[in-house]
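Read through the structure below, which is laid out as structure tokens, and then see the notes.
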Amino acid sequence: MADSSQTALEKAIALSTTAQLEAIQSPSRQLAIVASAGSGKTRVLTLRTAYRASEGSLDPSKTLVATFSRKAADELRHRLFRLGVRDLTCGTIHSVALRLLNDQRSALSRPPVELLIDRSRVIAQALQSNGVSGVSAAAIETEIGWAKARLLDPASYEAVAQTSGRQAPMARGQLAQVFSTYETLKRQQGRLDLDDLLGHATTLLATNEQFSAAVAWRFHHVALDETQDLNPAQLALILAICGNDPDLTFVGDPNQSIYGWNGSDASLMADLTNRFPKAQTIYLRSNKRSSRHIVDTANAALGAAGLVSEAADRGSAPTVTRYPTDDDEAQAIALQLWRNEFPAEALSGVAILARTNAQLQVLANALDAAAVPYKFAGADLAPASDLRSHVKVMAVDEGSEDLDRVTLSTFHRSKGLEWKTVYVIGVADGLVPYKMARTHEALAEEQRLFYVALTRATDDLHLSWAERSSRLGSETRRRGPSRWLQPIEQHLAQRATEDAPLEKTSRLERLQAIRRSITPSPPRAS
């Protein structure tokens with residue numbers, strides 16, 4: 001039993017695995033931590049920061065801890081505070097970029113950056129200026145965001161989008177013109193959008209030596225979480241902050257890289273490791289979140305066994321269920337939750353995950369009918385969410401926020417979260433993988449996204465799919481199961497066979513074999 005005089009840091013370190021301890025206490029100035037799902041990568045990152053602060057190799061006041069969403073940043077900040085680490089800078093990469101720009105503007109007695117948080121109106125103006133109708137501003141915004149994340153301007157967008165096999169919502173040349181008009185309108189308003197922050201901050205560091213030196217002194221130590229989600233624009237800023245020989249720790253899981261549609265690149269984590277040949281690489285392969293049943297199922301879906309060397313033997317084997325329609329699927333799940341009569345404090349341990357928001361609305365209707373309380377995962381899980389103060393979030397009455405509810409979430413928004421019981425719905429062809437994923441890279445990302453959804457469960461996992469949609473105006477053709485269900489069902493069938501009770505003859509043969517194995521050998525003649 002731990003001594004009551006131990007600090008929170010000492011207690012946490014004492015509970016670490018051998019691999020975690022190696023990463024926490026590594027003396028390397030450049031450290032890459034490659035961590036599988038549920039292996040405690042964020043825990044290790046915060047413990048390493050706190051450990052180095054305690055033994056004097058890190059100054060919190062000169063430390064930057066960066067991640068990708070407000071929720072993740074808040075979690076990092078709270079964990080470090082509980083470990084006694086104060087006075088460091090912790091936030092999303094976008095918020096760091098904004099801080100750098102505003103610091104420089106303040107030094108020059110200039111007003112702070114005026115942000116364009118919601119760019120849909122300006123994009124709508126750009127569409128109108130170019131005589132374009134029938135295309136949503138949201139679709140164009142996604143494409144502009146992808147281009148900026150890839151460091152593309154309107155002039156270079158068309159060629160790179162074509163080479164990448166990008167499925168644009170309109171002719172690529174026409175979209176490039178709308179992109180150019182959007183940039184002009186935004187510049188006339190004197191505003192920067194969220195993606196501009198990264199490029200402007202990187203350019204400032206590259207062109208202003210005095211400012212760059214001040215930032216290098218201020219952020220002498222850099223820690224980066226969820227590195228697999230980096231896009232080229234974010235990587236450029238991190239490298240501009242770090243310099244050529246940084247004190248840098250970065251953590252990530254390449255198998256959870258799921259934002260390629262938004263500009264991220266799964267290869268950038270490996271590129272970052274290769275950029276610093278002196279960097280030490282440590283692998284975390286022990287899953288502390290999910291049961292062995294769930295880990296094996298997720299590995300079967302990913303098509304890569306052996307990713308995790310250790311997981312807890314608890315919970316039950318995952319289930320796979322087929323339904324005639326998605327209404328039947330939703331109603332059956334709602335009925336299960338209603339019949340189980342979860343105590344109020346247990347509903348927060350249940351999540352229903354789907355590939356798209358439209359699928360979640362079908363579940364919400366069924367839960368409403370069954371009087372099962374629920375909530376939608378919020379926008380605090382999105383990139384740059386600590387800057388999006390005016391984003392509209394799909395949620396139920398805020399007055400009931402204190403109620404314990406089932407969580408409804410898309411696969412993307414579930415990343416980084418966990419629940420005791422998870423229902424993964426709509427595991428059908430056209431949804432998992434999504435029908436728009438046509439290139440090898442897009443299909444690989446869809447497979448990783450499915451893996452992320454499965455590994456959100458700690459104890460119980462239920463997968464289901466429907467043969468037809470019940471929604472008006474949607475395709476009525478019959479669906480088949482997702483291609484990634486077959487290896488899962490094969491794995492579950494094999495495990496069921498291995499775990500099944502032996503027949504009488506088999507039991508006798510097994511017993512005789514055991515007796516033979518433990519019968520002592522006769523003593524040798526001397």
Side-chain angles (χ1 to χ4, degrees), residues 42 67-78 92 118 138 258 289-290 294 326-327 329-427 431-432 449-450 452-464 470-471:
T42 301
T67 187
F68 293 86
S69 72
R70 181 180 68 191
K71 186 177 183 67
D74 287 345
E75 177 66 18
L76 285 167
R77 192 179 297 109
H78 292 156
T92 66
D118 182 3
I258 60 172
R289 175 196 301 140
S290 304
I294 292 167
D326 52 12
D327 269 349
E329 179 182 37
Q331 290 167 12
I333 292 172
L335 188 59
Q336 287 176 37
L337 293 175
W338 179 78
R339 280 180 173 170
N340 283 341
E341 298 181 350
F342 282 87
E345 66 273 11
L347 280 175
S348 62
V350 180
I352 303 172
L353 310 183
R355 177 62 180 84
T356 69
N357 279 310
Q359 295 168 268
L360 292 178
Q361 191 55 56
V362 178
L363 258 297
N365 295 340
L367 293 173
D368 278 333
V372 176
Y374 63 90
K375 63 182 177 182
F376 288 95
D380 57 346
L381 304 176
S385 46
D386 52 349
L387 300 180
R388 298 172 183 268
S389 56
H390 304 293
V391 170
K392 294 180 180 179
V393 181
M394 178 169 43
V396 295
D397 181 14
E398 294 297 329
S400 62
E401 194 64 34
D402 57 335
L403 291 179
D404 194 87
R405 294 167 288 171
V406 174
T407 299
L408 304 186
S409 175
T410 61
F411 292 177
H412 280 101
R413 285 195 169 175
S414 72
K415 186 169 175 292
L417 303 178
E418 64 179 67
W419 296 271
K420 182 178 183 294
T421 301
V422 170
Y423 292 85
V424 179
I425 66 168
V427 190
L431 292 170
V432 180
L449 181 59
F450 185 41
V452 166
L454 299 181
T455 53
R456 299 311 93 197
T458 64
D459 289 54
D460 301 297
L461 176 64
H462 305 285
L463 296 89
S464 59
S470 305
R471 296 189 297 279

Shortest non-hydrogen contact between Ala377 and Arg413, atoms and distance: O-NH1, 3.4 Å
Any Val362 side-chain heavy atom under 4.5 Å of Asp327 side chain: yes
Side-chain touch His462/Thr421, heavy atoms, less than 4.5 angstrom: yes
Nearest heavy atoms of Ala457 and Ser290, plus distance in Å: O-OG, 2.6 Å
Residue pair Val452 / Ser414: nearest heavy atoms and the distance that separates them: CG1-OG, 4.4 Å
Distance-minimising heavy-atom pair for Ala354 and Leu360: CB-CD2, 3.8 Å
Minimum heavy-atom distance Leu454-Ile294, with the two atoms named: O-CG2, 3.5 Å
Evaluation steps, salt bridge (charged side-chain N to carboxylate O under 4.0 Å, His left out), between Arg77 and Asp74: CA-CA 5 Å; Arg77 192 179 297 109; Asp74 287 345; 2.8 Å; yes
From CZ (Arg405) to CG (Leu367), nearest 0.5 Å: 12.0 Å
Value rounded to 0.5 Å, distance of NZ in Lys375 from OG in Ser348: 7.0 Å
With Ser464 via side-chain hydrogen bond (donor to acceptor under 3.5 Å, both in side chains) - residues at least two apart: Glu329
Verdict with reasoning, Phe411 to Ile258, per side-chain contact (heavy atoms from CB on, under 4.5 Å): CA-CA 9 Å; Phe411 292 177; Ile258 60 172; over 6 Å; no
Min side-chain heavy-atom separation Arg289-Thr455 under 4.5 Å: yes
Reported CD1-to-CG distance for the pair Ile333 and Leu363, which is rounded to 0.5 angstrom: 5.5 Å
Separation between CZ of Phe376 and OG1 of Thr407, rounded to the nearest 0.5 Å: 11.0 Å
Gly426 backbone acceptor or donor facing Arg355 side chain under 3.5 Å: no
For Gln331, all residues meeting side-chain hydrogen bond (donor to acceptor under 3.5 Å, both in side chains), sequence neighbours excluded: none
side-chain hydrogen bond (donor to acceptor under 3.5 Å, both in side chains) involving Thr42 - partner list, sequence neighbours excluded: Asp225
Working for side chain to side chain donor-acceptor pair (under 3.5 Å), residues Gln361 and Asn357: CA-CA 7 Å; Gln361 191 55 56; Asn357 279 310; over 6 Å; no
Heavy-atom side-chain proximity of Val432 to Val424 below 4.5 angstrom: no
Which atom of Ala72 lies closest to which atom of Thr67, heavy atoms considered: CB-OG1, 3.6 Å
CH2 on Trp419 to CG on Asp460, rounded to 0.5 Å: 15.0 Å
Interatomic distance, Leu417 atom CG to Arg456 atom CZ [nearest 0.5 angstrom]: 7.5 Å
